[in-house]
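Side-chain atoms are counted along with the backbone in the values below, which use heavy atoms only and exclude waters and symmetry mates. Below, chains carry the letters A, B, ... as their sequence lines are ordered, and counting in each starts from 1.
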Amino acid sequence: MSILKVDNVQKTYSGRNGGSRSKAIKGISFEVEKGEFVGIMGPSGAGKSTLLNIIATIDKATAGEVIIGNQNLNMMNSDELAIFRREKLGFIFQDYNLLDTMTLKENIALPLVLSKEKPKVIVEKVMEIAENLGINKILSKYPYEVSGGQRQRASAARAIISDPQLILADEPTGALDSKSSAELLQCMTDMNQSNEATILMVTHDAFSASYCKRILFIKDGVIFSEINRGGSRKEFFDQILKVLAILGGDNRELL
Amino acid sequence: MSFSSMAINNIRKKASMYLIYYLSTTFAVTIFFVFGAIYYNPSFANCRIGFSKMGIIFRVSSIAVILFAAIFVYFANMLFLKTRKKEFAIYFLLGVRKREIGQILVTEICLVGLASIISGIVLGSIFARFFALILKKLMLGGAPGNDIVFHLTWQPAVVSVFVFIILFAINALYSVNVINKSSLLELLAAEKEGDKEPKFSVISAVVSVVMIGVSYAIFLSFSGDDGAMKLIGPALFSCALLAVGTYLLFQNVVIWFVSKYKKNISFYYRTNNFVSISQIVYRIKTNANLFSVIALFSAFTITVMSASISLYQSLQDAMPIYAPFSYLCHGIDEDMKARATECVTNDETAELYAITDYDVLTTTACLEEYKVDTNNAAGKTVLEIGEEFEADILKFSDYNKIVHNTKAIESDGNKGAIFISNLAQGECLFLDGNYGHDYSENKVGKEIHVQTDLEQVDFKIAAVSLYKYMGSAYARTTLVLSDEDYEHYFANKEMYNVCNFFGIKLDNPLEAKNLYEELNSFIPEANHDESYLDYHQILYNMYGAYIFIGMFLGILFLLAAGSIIFYKQMMEARDDIGRYEILRKIGMSYKEAKRSIRKQVGIVFMLPFTVALCHALVTIKMYENMVYTLTTDSAVFAYAFGVMLIYIVIYLLFYGLSVKGYMNTVWRKKCIE
């Protein structure tokens, strides 16, 4: 069953006074099945973040359709989108996007509180997820009191607490050191495997991407190529590097 | 492109940002100009210099108005600086030197300042007329009087320009200094909160409540019978207690409550509470000083405003105390009396109620534990307790005549006045010349020793009254004796100083200006008292100006308090932009954000407001207990509720503005749609 269907999505940015128009996305189509862990890679300016924002309902496509579950994003108004976001989508951002005025526990609980879940249920669920992600001991701390890795795990916990249909991750390891990155990615893999969570991750880091099962490469607003993980992660990693070399993107320094 | 043209460009492009700065400074200039126009208006010149007390009040209030203007400009400027922070950071990052950023900033402030000074003066000259009209009305108090002419003079404009140029210059320098001192990092970074949950101490929380409770108890224990000297110590003490208590209350109790509340999961984990409550803790802690200052000053303002209105409203009732007769003369011969009577009857406007002709005889008397302690037009008299004092003697039939002819019983003005309808021989009615009951308490039934023709005679005091039958200015302790006793004991009139009084009471004492002038023309000044109209004018001129300044400053203060909270909220909204962006991404809808912000801003407004109302209720009650107006009952609380209503309306207005501004700041359209 396909969770996400992106159908010929285009995005055009027009200049301030209707002047110079630039096409960020020139028509992208793909589908994501339930339980997949898909990566999107590409050089800077390829349109990956724009694409993610459109899927995340934070931005609107100029043309084309995005269907999540069986709901067409074009058909919803902003309030419906807000409710859709908190119920059907989970987010993990590069800069964590945790509220500094709330403890980790409160941050994780936020989507459920917004959905008017029963307080008792919320607390139980937070505890359960925090334990799975290994942050149950620091729940009463504030974001500024814990490490980047812990913050990002809290962010991941917040993303999955509402059992979303789709988890969107935007460079989740961007601000983490390699050890924390590996831990987080392992977390996400576990989420993907044990909870059958569907994850769509944008990254430009080949190491992070190697945790995915399938990768879409985007260049200049179109899908350039797509690879599937067959064997081990190491093999997949090498495969990614090869594509990147052809792509001539910003990962050249890795070669 | 030069830096000044850059500044002009900035103003043109981001008009809305400057508009709020411009509008608020314009408002400050307008208010200042209005006050200046009244201060320098030639018709009110006697208020400024003539009457010494009023002069001081006017001068003190002008300082308050300047202070208000300064605070207003300062906060407007702070918000302005804050909105520009990011922009300056980018200039700075691009290598524009601080000096040059300073130049841009100074140019902008000067331009906005200049514009607001000009428009403020224009608006001010329009509104000044209106305010002067109110002042005139208050100062006349319903009496027909020549309209006080209102001229606009050049002084207020010059002073406004001068004051505001200085204020803007200070703010420009201050802003440049802030820019110079701040590092790039500070300019770029958003305000960080949440390093630690704000702390509170349960002990301080309890102490603060106790302190406020004790100060309330002290305030409420005050009564009008205590002298000022006796009260000043406890008053200062309880004011200090109240101030410190209020501060600790905001610092501890409120935060304690909130953290208790946060522990109650079934309340806290609700959409409507969650976000607003988690933000508010930090706001309360950082704003505790501001909140307590606003709460205390608001309470003070509400009390002063209510008190001054009730004082003003009771003036009409107080008039009979100052002038029971419309026109009172003494020691004039029969010819003059006849002429005066003729004048009154012939006058077309004056409606005569009664003419009273009576004698007052002066002797000495002695009463245990009694003394005269008065300070009035007759001079200051302070005697020792039990000392022999000069007592006026009035016979009962004259007393009855006066009571009837001055409508003394019907008027509400006489506080502590008791009237009697019969008096036995050997008894007397004791009319105390003092203001309070301090010395005449428990004197009923006591014997008073009075010097008569032959010997000292003891009269039994049948009743004690504070009734001032001749007006408070000439109040002396008087004994009313039965006619038989009067004729019997004081037969030898040559022995005493006997004064004849001739009092005219009109039904329309305010309209008889011509009559008073005519009477004054032939009755020597030494032989007549000021007319009812004169007293009315003296009283209303003074209290009218009083109440005007009181209300002006009071409303000004309320506006200042409201706008300070507003500005604070706008600045905090800027810190919240990032937070609401996160919330929006997570899926908070517009409606939910609005509800949450309403709650958050609401709490910020509610806290100082409720505390202020609590304090005000206590201090107004204290005023009511303490106030010694001569009149019977002044309905302080009725006026207090009126004032509170004004206060609530002003606060609600600022609340609405703040919610709107907050929403516009944190929920800009750019992100979605």
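Between the CG atom of A:Leu112 and the CZ atom of B:Phe274 there is a distance of 9.5 Å, given to the nearest 0.5 Å. A:Asn53 CG to B:Lys585 NZ: the interatomic distance, rounded to the nearest 0.5 Å, is 7.5 Å. Rounding to the nearest 0.5 Å places NZ of B:Lys591 at 5.0 Å from CG of A:Asp79. Considering NZ of A:Lys116 and CD of B:Glu592, their distance stands at 4.5 Å, rounded to 0.5 Å. Note that the CG atom of A:Asn97 and the CG atom of B:Leu583 stand 10.0 Å from one another [nearest 0.5 Å]. The line from CG of A:Asp100 to CG of B:Asp575 is 9.5 Å long, rounded to the nearest 0.5 Å.
Between B:Ile586 and A:Pro111, the closest heavy-atom pair is CG2-CG, 4.0 Å.
Interface residue A:Phe93: only side-chain heavy atoms are found under 4.5 Å from chain B. With a 4.5 angstrom heavy-atom cutoff, A:Leu110 touches chain B via backbone and side-chain atoms both. For chain B, the nearby parts of A:Val113 are the backbone and the side chain; heavy atoms of each come within less than 4.5 Å.
Dense packing is recorded around OH of B:Tyr261, with more than 12 heavy atoms of other residues, nucleotides or ligands lying under 6.0 Å away. Around atom CG of B:Leu94, more than 12 heavy atoms belonging to other residues, nucleotides or ligands sit under 6.0 Å away.
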Review point. After noting the C-alpha distance and the side-chain angles of B:Val275 and A:Met102, does the key distance pass the side chain to side chain contact (heavy atoms under 4.5 Å, CB included) rule?
Key: CA-CA 9 Å; B:Val275 175; A:Met102 289 185 178; 4.3 Å; yes
Exercise for review: Could you go through the side chain to side chain contact (heavy atoms under 4.5 Å, CB included) check for A:Glu106 and B:Tyr269 one step at a time?
Suggested key: CA-CA 9 Å; A:Glu106 289 160 2; B:Tyr269 280 64; 4.1 Å; yes
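The greatest number of non-hydrogen atom pairs below 4.5 Å with chain B, out of A:Ala159, A:Ser162, A:Pro119, is found for A:Pro119.
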